[in-house]
Amino acid sequence: MTDTHSGSCLCGNVRFQVRGQLRGVIACHCNQCRKQSGHYFAATNCPDDLLTVEGLDHLRWYQSSQSAKRGFCGTCGSALFWKDTSAASTSILAGAFDKPTGLRMERHIFCEFKGDYYEISDGLPQEL
Ligand SMILES: [Zn+2]
Ligand SMILES: [Zn+2]
């Protein structure tokens with residue numbers, strides 16, 4: 001029997017399940033993640049074939065660059081997914097998972113773009 005992790009958007013219309021082990025959480029401080037989330041993104045990632053999403057009629061995608069799109073609930077606005085359109089995997093926002101998540105923060109990326117109102121002080125690796 002493998003682990004199953006489930007989660008949802010705030011209103012519950014979009015629900016998802018991931019089968020198997022999840023990657024550590026990576027915090028992205030880039031401009032796009034800041035603007036979309038209002039702070040920074042913290043996401044795990046899984047292969048697409050292990051991810052099941054329900055409520056697809058509520059799920060909307062915003063093409064945020066040539067190579068990536070961002071999935072969110074069109075009803076409540078919760079940010080849920082980030083997808084490199086050429087990759088067979090999906091990043092999932094850590095805060096969307098139901099507890100206990102079993103997740104752990106792993107590192108920070110695009111730190112040079114981070115907001116100027118906070119410091120990263122958890123001792124985890126920081127990439128520019
Ligand atoms: Zn929702
Ligand atoms: Zn980002």
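Read the numbers this way: they start at 1 and go in the same order the structure lists the ligands and their atoms. Values below: every heavy atom of this structure, side chains too, minus hydrogens, waters and symmetry copies.
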Exam field: side chain T85 to backbone S67, donor-acceptor pair closer than 3.5 Å | yes

Looking from the Zn ion (ligand 2), what is the angle between SG on C28 and SG on C30, to the nearest 10°?
-> 110°

Once rounded to 10°, what is the value of the angle centred on the Zn ion (ligand 1) between C73 SG and C11 SG?
-> 110°

Where the Zn ion (ligand 1) is the corner point, what angle links SG of C9 with SG of C76, to 10°?
-> 110°

Close aromatic pair by centroid cut-off 6.0 Å: H39 and Y118 = yes

Value for CG (L59) from CZ (F72), rounded to nearest 0.5 Å, stands at 8.5 Å

Please determine if R34 forms a cation-pi arrangement with F110, meaning its NZ or CZ atom is less than 6.0 Å from the six-membered ring centre and no more than 45° off the ring axis.
-> no

Backbone or side-chain N/O/S of H58 under 2.8 Å of the Zn ion (ligand 1) | no

Identify whether the distance between the nearest side-chain nitrogen and carboxylate oxygen of R107 and D122 falls below 4.0 Å.
-> no

Flag C33 as yes if one of its N/O/S atoms falls below 2.8 Å of the Zn ion (ligand 2), otherwise no.
-> yes

